[in-house]
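In what follows, a structure is listed as structure tokens, so that the remarks can point back to it.
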There are 2 protein chains.
Amino acid sequence: MNTHITTIKDFYFKHNRLPSYREICTLCKYKSTRSAKLLIDKMEDTGLVERDGKKIVATELLGSLPVLGRVEAGFPAPAQEELLDTMTIDDYLVPNKSATYILEVSGESMIDAGLLPGDLVLVERGKPAKNGDIVIAEVDGKWTMKYFFQKNSRVSLEPANKNFRTIYPTQELKISAVVISTMRKY
Amino acid sequence: MNTHITTIKDFYFKHNRLPSYREICTLCKYKSTRSAKLLIDKMEDTGLVERDGKKIVATELLGSLPVLGRVEAGFPAPAQEELLDTMTIDDYLVPNKSATYILEVSGESMIDAGLLPGDLVLVERGKPAKNGDIVIAEVDGKWTMKYFFQKNSRVSLEPANKNFRTIYPTQELKISAVVISTMRKY
DNA sequence: TGACAAAGTAAACACTTGTTTACTATACTA
DNA sequence: TAGTATAGTAAACAAGTGTTTACTTTGTCA
């Protein structure tokens, strides 16, 4: 039954771990661990769980959210709310977990880039900055978040807001991180 | 040792599960499971893991990212890059996992709200819309994402872009979801 | 109705689990 | 220097683990 799988999913969300065969028996009212094993086998075929040796481990799929189609935000358009794919937010936003940090945006200098005050940006340290990247830079001893541009070894840090000025670092410039993704909560 | 904890963290990221005491012994070159238990005890005190009966379960902390301070995006300001807190992106963005879906933004009608084409929005179904919320609405049989406003039972769906017009639903209007958070990847 | 596949039961298997007790080595402080 | 926490070792424990084999029930479809 598919309901049994959602039962296990619920258990996983609640306990942050997968149930054992015996626990599955209790949850699904099985009387034999064999049935539990067959259920897990099926979930392994679906890719919901996988086996690490004899251990059963949840995959990204089990902890994922359904992804729907795109909304036509420009004008009303028919967009079937079909399930396209599922994904884990963490895995989508964070490619390199060990070098990734979160910063909170304050100020409005990047507002035209869709970065509002209070937004959180995920930055990756040690990543080389390319033209057009949004970077966290330490310029003349102070921190800032700006577009990064380099032309003939001349670096400019440009805001995404007409009311702010482009910065041309004079003394020391250290690109400490590159913005790889952003998120906002309402 | 603190390095032993990061060893376990690495194992957790790699295998999506915590190591057993015997595996910890191998990882940390312990010769007794007692040492492994003491390590886990310490991690439990720190809140990195917790016990579900006899089972050891990773908490949000173990799968979390370090959160730094805020960047003064408006103008260069001294912002110590101190670790403020740690958080899991999933838990931050998704309060109600079972009713949350992901949609991709297309079009530019919400651009002044910091929603660019290609952004992903997390929407929650069945949540009542309040004035000022960004909603996914099915109006006159078509889908759209707009600001929701209601004044004396008269509903208006307003874009965040001067070049688009406010929609006043005539026939059927169905608020199918409320935008609770957004994310963007560069 | 009968054949057949899928799902469930029961019991036993070898193995791993976290825990505990008693003891030893190391590090640090008064 | 002696005393004392802290960290590590060794061995044994009961309980729980996933797996397997043989059998029974259930459901489906020609």
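Side chains are part of it too, since the values below use all heavy atoms of this structure and drop only hydrogens, waters and symmetry mates.
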> Roughly how far, to the nearest 0.5 Å, is CZ of A:R184 from CZ of B:R184?
Replying inline: 6.5 Å
>> In whole Å, I'd like the distance from the CD1 atom of B:I24 to the C1' atom of D:dG8.
In response: 15 Å
> Would one find a side-chain N or O of A:K31 under 4.0 angstrom from OP1 or OP2 of C:dA7?
Replying inline: no
>> Just the rounded figure in Å: distance from P of D:dT26 to OH of A:Y30.
In response: 15 Å
> Is the phosphate of C:dG8, meaning OP1 or OP2, less than 4.0 Å from a side-chain N or O of A:K29?
Replying inline: no
> Quick one: CD1 on B:I56 to OH on B:Y21, what's the gap to the nearest 0.5 Å?
Replying inline: 4.0 Å
> Expressed in angstrom and rounded to an integer, what is the separation of B:D52 atom CG from C:dT17 atom P?
Replying inline: 17 Å
> What integer distance in Å separates A:M43:CE from D:dG18:C1'?
Replying inline: 16 Å
> Any donor and acceptor pair, going by atom type alone, linking the side chain of A:N161 with main-chain N or O of A:N163 inside 3.5 Å?
Replying inline: yes
> What do the steps show when you test A:D41 against A:R34 for salt bridge (charged side-chain N to carboxylate O under 4.0 Å, His left out), and what is the final call?
Replying inline: CA-CA 10 Å; A:D41 286 347; A:R34 171 114 232 268; over 6 Å; no
> Counting N and O atoms only, with roles assigned by atom type, does the side chain of B:E23 sit under 3.5 Å from a partner on the main chain of B:S20, one being a donor and the other an acceptor?
Replying inline: yes
>> Starting the side chain at C-beta, find the nucleotide from D:dT17, D:dT9, C:dT17 nearest to B:E23.
In response: C:dT17
>> Under 4.0 Å, heavy atoms only, any strand: does A:S20 hit a base, just the sugar-phosphate, or nothing?
In response: sugar-phosphate
> Do A:T33 side-chain atoms and A:A36 backbone N/O form a donor-acceptor pair below 3.5 Å?
Replying inline: no
> Once you round it to whole Å, what is the distance between C1' of D:dG18 and CD of A:E44?
Replying inline: 12 Å
For nucleotides 19-22 of chain D, tabulate all protein N/O to nucleotide N/O atom pairs closer than 3.5 Å, reporting atom names and distance.
unit_1	atom_1	unit_2	atom_2	d
D:dT19	OP1	A:R51	NE	3.0
D:dT19	OP2	A:Y21	OH	2.1
D:dT19	OP2	A:R51	NH2	3.0
D:dT19	O4	A:T33	OG1	3.1

> So does B:K42 get a side-chain nitrogen or oxygen closer than 4.0 Å to the phosphate oxygens (OP1/OP2) of D:dT6?
Replying inline: no
>> Tell me the interatomic distance from A:L38, atom CG, to D:dT25, atom P, rounded to whole angstroms.
In response: 18 Å
>> Rounded to the nearest 0.5 Å, what separates atom CE in B:M110 from atom CG in B:L116?
In response: 11.5 Å
